[in-house]
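One structure follows; several queries about it will come next.
All values derive from a computational prediction rather than experimental measurement. Any value given below was found using the heavy atoms of this structure, including those in side chains, with hydrogens, waters and symmetry copies removed.
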2 protein chains.
Amino acid sequence: MPRPTKQAPDSGDARTRLLLAATDLIRSKGFAATSVDGLCQRAEVTKGAFFHHFASKEALGVAVAENWRDTTGAFFASAPYHAPEDPLQRILAYIAFRKAIISEDLPACTCLAGTLVQETYATSDAIRRACAEAMFGHTATLEDDFAQAIAAHGTIGITAQSLAQYTQTVLQGAFVMAKAAQDPDPAHAALDHLYCYIRLLFSQSKGVNAP
Amino acid sequence: MPRPTKQAPDSGDARTRLLLAATDLIRSKGFAATSVDGLCQRAEVTKGAFFHHFASKEALGVAVAENWRDTTGAFFASAPYHAPEDPLQRILAYIAFRKAIISEDLPACTCLAGTLVQETYATSDAIRRACAEAMFGHTATLEDDFAQAIAAHGTIGITAQSLAQYTQTVLQGAFVMAKAAQDPDPAHAALDHLYCYIRLLFSQSKGVNAP
DNA sequence: ACATACATACCAAACGGTCTGTATCGGGGA
DNA sequence: TCCCCGATACAGACCGTTTGGTATGTATGT
């Protein structure tokens with residue numbers, strides 16, 4: 001039973017506020033540069049509250065990744081791109097949707113899991129796994145649409161899983177490039193190329209595209 | 001004039017060893033988690049030497065990114081993929097080459113600039129710029145080949161710069177996915193898709209692929 | 001002799017984490 | 001309905017270590 005705190009009663013309980021603040025801070029500064037003290041300050045929570053809810057900073061990292069998987073899962077599940085009846089159109093609508101939500105505010109629109117995993121893949125297996133679950137879990141939701149598109153079109157020599165993962169790959173790369181350029185343009189351009197690739201793939205004759 | 005240290009006289013001067021050690025550590029643990037002390041220990045150098053060569057940790061970050069640009073620049077300049085006479089074949093050879101050098105040893109084969117920029121894009125403009133220079137500088141070397149391929153083939157409705165940057169985007173995304181999966185397979189698969197995309201693009205008729 | 005290239009000791013601040021205390025809850029017995 | 005109970009949810013002071021950075025000293029090549 002969450003209980004609102006005296007300090008900031010409006011914005012949920014301490015755990016929720018910590019998760020939210022951590023998501024923000026990690027996406028802009030990274031995990032290591034996000035201190036527990038700074039986190040508590042941002043969340044308007046004391047250190048006692050932090051270590052009551054999370055056994056360690058690493059445990060917070062895991063929880064943030066899990067929370068990211070849950071919230072983004074719900075977000076994309078209720079997104080409008082599922083509307084088209086044609087599975088290929090759903091995929092193209094997905095790509096267009098992903099492109100549309102990439103703005104200048106990169107800390108707010110980039111992927112927490114991708115950022116977090118780059119820092120921790122070699123030092124914390126627990127965090128790495130939680131990030132991987134978020135990322136590959138999301139690609140799994142695309143897999144169905146790709147499978148249906150392949151079934152409708154006839155085989156194109158590439159698996160649905162591979163295409164779904166490639167989509168995620170382009171997105172992750174797009175975020176890195178946008179951060180480097182301090183500009184969403186390279187990300188938008190990348191999604192245009194992905195869009196173009198998918199269209200090209202599914203307008204080809206059978207079985208000639210095996211890599 | 002570099003002078004070998006008493007402590008480790010075989011492996012170059014202190015600055016070089018620090019740059020090398022920093023590249024290693026940042027690629028596996030990230031920038032923030034790489035402490036100056038740990039760095040000096042790894043490089044077999046004292047702290048005095050560190051702050052003699054670098055004004056601050058941030059200055060080291062910039063120097064590492066610049067060094068990365070220089071060393072990878074030389075590495076790719078002398079790589080075998082430039083051999084084919086056909087520019088399109090050079091590009092495909094480049095992609096195959098990039099695929100070939102991605103192994104299980106992810107800290108050793110992933111991109112320093114991509115890792116570093118994700119952590120620092122919002123906190124250090126100097127480091128971000130140095131990383132961007134390394135990344136976009138490398139894409140610029142691909143641009144020529146793409147431009148020639150487009151010229152040879154006739155316009156395909158996409159600029160050489162956009163294609164070169166997309167190539168880099170896929171690579172960066174491939175590294176993130178490989179780290180999350182703790183496995184180079186997703187990266188290899190991504191480069192197969194990129195290879196496939198380029199082939200598809202340049203086997204189309206004129207001007208129909210504009211995204 | 002002078003600048004460069006280190007070495008070593010040291011520092012205040014920040015770090016992750018612990019400890020103890022208190023307020024608030026739902027639930028159970030009288 | 002009342003009070004009491006243990007459990008949960010914090011609050012806040014405290015601790016040892018590590019952090020980036022500095023100050024000062026020394027060796028070495030030119």
- [ ] Nearest whole angstrom, please: distance from the P of D:dC14 to the CG of A:Asp37.
- [x] 15 Å
Task: Whole-Å distance separating the CZ atom of A:Phe31 from the P atom of C:dC15 - done: 13 Å
Task: B:Thr46, nearest nucleotide to its side chain (from C:dT8, D:dG20, D:dA9) - done: C:dT8
TODO: Could you state the atom-to-atom distance from CZ of A:Phe54 to P of C:dG16 in whole Å?
DONE: 14 Å
Open item on the list: Is it true that B:Arg90 and B:Tyr94 share a donor-acceptor pair across their side chains at a distance under 3.5 Å?
Closed with: no
Open item on the list: Measure CZ/B:Phe50 against P/D:dA23 and give the value in whole Å, please.
Closed with: 17 Å
- [ ] Respond yes when some side-chain nitrogen or oxygen of B:His52 is under 4.0 Å from OP1 or OP2 of C:dT4, and no when none is.
- [x] no
Task: Nucleotide C:dG17, atom P - distance to NE2 of A:His53 in whole Å - done: 17 Å
Open item on the list: Rounding to an integer number of Å, can you tell me how far A:Lys29 NZ sits from C:dA14 C1'?
Closed with: 12 Å
Open item on the list: I want to confirm an ordering. Mapping A:Thr34 and B:Gly48 to their closest nucleotides on DNA chain C, which one lands closer to the 5' end?
Closed with: B:Gly48
Open item on the list: Any donor-acceptor pair, under 3.5 Å, between the side chain of A:Lys57 and the base of C:dG17, if you only look at N and O atoms?
Closed with: no
Open item on the list: Under 3.5 Å, is there a donor on one side chain and an acceptor on the other for B:Tyr195 and B:Arg199?
Closed with: no
Side-chain donor-acceptor distances from residues 58-67 of chain B under 3.5 Å, at least two apart:
residue, atom, partner, partner atom, Å
B:Glu58, OE2, B:Ser124, OG, 2.5

Open item on the list: Whether the B:Thr115 and A:Gln118 side chains hold a donor-acceptor pair (N or O, under 3.5 Å, no angle test) is what I'd like checked.
Closed with: yes
Open item on the list: Quick check: any donor-acceptor pair below 3.5 Å linking the side-chain of A:Lys47 to the base of C:dG17?
Closed with: yes
- [ ] Quickly work out the A:Leu18 CG to D:dA11 C1' distance and round it to whole Å.
- [x] 13 Å
- [ ] Kindly point out which of D:dT19, D:dG21, D:dA11 is positioned nearest to the side chain of B:Phe51?
- [x] D:dG21
TODO: Provide, to the nearest angstrom, the distance between the CG atom belonging to B:Asp13 and the P atom belonging to D:dT28.
DONE: 17 Å
Open item on the list: Using the side-chain contact (heavy atoms from CB on, under 4.5 Å) criterion, which residues pair with B:Lys57? Sequence neighbours excluded.
Closed with: B:Phe31, B:Val36
